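A short write-up of the structure that comes next.
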Amino acid sequence: MTYCDSKLKIFTCNSNPNLANKIAEYIGIPMGDAETKSFSDGEIQVKLSESVRGCDVYVVQSTCDPVNDNLMELLVMVDALKRASAKSINVVIPYYGYARQDRKARSRDPITAKLVANLIETAGAHRVITMDLHATQIQGFFDIPVDHMLGVPILAQYFRSKQLENVVVVSPDHGGVVRARKLADFLNAPLAIIDKRRPEPNVSEVMNIIGDIKGKTAIIIDDIIDTAGTIVLGANALVEAGVKEVYACCTHPVLSGPAMDRLEKSPFKEVVVTDTIPITHENPSSKLHVLSVAPLMGEAIIRVHEELSISKLFEIE
């Protein structure tokens, strides 16, 4: 595919260049010529090596680990494009960091997801394209358009291709029921819910399993797998409750700390993730299977550029 419009340009920083290159390749345009590097003290510098005057520019940058460096790279890149007279600056953030700090859960808590939205707007962004926000209300933290892409259709297509039998989709908590129900609808499968409480971040306790799961193939779906403690605990509970086999899937493989070791030792037959965050672990789990979001994000960029609806991208045939 070759997209013939010299006014459409794609740039990237250092968080996920492989995904950015796949997106540019899908659209059929070359990657923008820019360099993002740091001085010896960590100060970030961006150099644009081509003109963007009057262009519609899309910057692909996940704010994943190292979160603060990648966020700052994005802000500096947006500022550089603004001062270089780009017509529109559209930030493509496959994974939006700080999304888990979206409200005041306790007294004196910051709402950091809103702070990050303010920073991106102040830097000069005109639009945000992101994927599976941890809390969908974060869209309202912006006063610029936000296109919120969904990862469920990508995951659903993969599991449909496996032709699994007697499937039940499982939400790891009450907060993920809407996401799990969408996957269940795509797979024409029933829904189950793991009732748990979380006494502190990254720590959870299974209380009960709601739904009929005995003898079935369970697919646990979440938006993020971080330390993998919650999802592995859920898998163990499902096995104890009598499921035949269990799969896991998520959009954002944060996979920090002991996550890889936990997944490798878990009862999961397969853990399906996307490439919104690059897998950089030296010894990734053999159970990981990575799907690319590049076609979805590339199609979204084309539709935004041509002022077409993108809701069709959330459907599955």
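Count residues from 1 along the sequence. Please read these numbers as outputs of a predicted model, since none were measured by experiment.
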task = Carefully, step by step, assess F186 and L155 under the rule side-chain contact (heavy atoms from CB on, under 4.5 Å).
result = CA-CA 10 Å; F186 282 138; L155 300 170; over 6 Å; no

Examine distances only and state if a side-chain atom of [X] and a backbone atom of [Y] form a donor-acceptor pair shorter than 3.5 Å.
| X | Y | result |
| --- | --- | --- |
| H148 | T130 | no |
| K114 | F141 | yes |
| H305 | K7 | no |
| N16 | Q61 | no |
| H126 | I89 | yes |
| S292 | A294 | yes |
| D102 | A135 | no |
| T274 | T251 | yes |

Exceeds 12 heavy-atom contacts within 6.0 angstrom, atom [atom1] of [X]:
| X | atom1 | result |
| --- | --- | --- |
| M72 | CE | no |
| R303 | CZ | yes |
| K104 | NZ | yes |
| Q163 | CD | no |

I'd like to check [X] versus [Y] (side-chain heavy atoms, cut-off strictly below 4.5 Å). Are they in contact?
| X | Y | answer |
| --- | --- | --- |
| I29 | K9 | no |
| D212 | V168 | no |
| V167 | Y247 | no |
| I10 | V92 | no |
| T280 | D65 | no |
| C13 | I44 | no |
| V254 | I225 | no |

Is there a donor in the side chain of [X] and an acceptor in the side chain of [Y], or the other way round, less than 3.5 Å apart?
| X | Y | result |
| --- | --- | --- |
| N68 | Y98 | yes |
| H174 | D195 | yes |
| K22 | N18 | no |
| S15 | N70 | no |

ask   = Can you name the residues that form a ring pair (Phe, Tyr, Trp, His ring centres under 6.0 Å) with H289, not counting sequence neighbours?
value =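 Checked H289 against ring pair (Phe, Tyr, Trp, His ring centres under 6.0 Å); matches are Y158.
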
inquiry  = Run the side-chain contact (heavy atoms from CB on, under 4.5 Å) test against S85 and tell me which residues pass, sequence neighbours left out.
reply    =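 Applying side-chain contact (heavy atoms from CB on, under 4.5 Å) to S85 gives R53.
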
Pair D109-Q101, side chain to side chain donor-acceptor pair (under 3.5 Å): steps then yes or no = CA-CA 9 Å; D109 273 0; Q101 300 183 54; over 6 Å; no

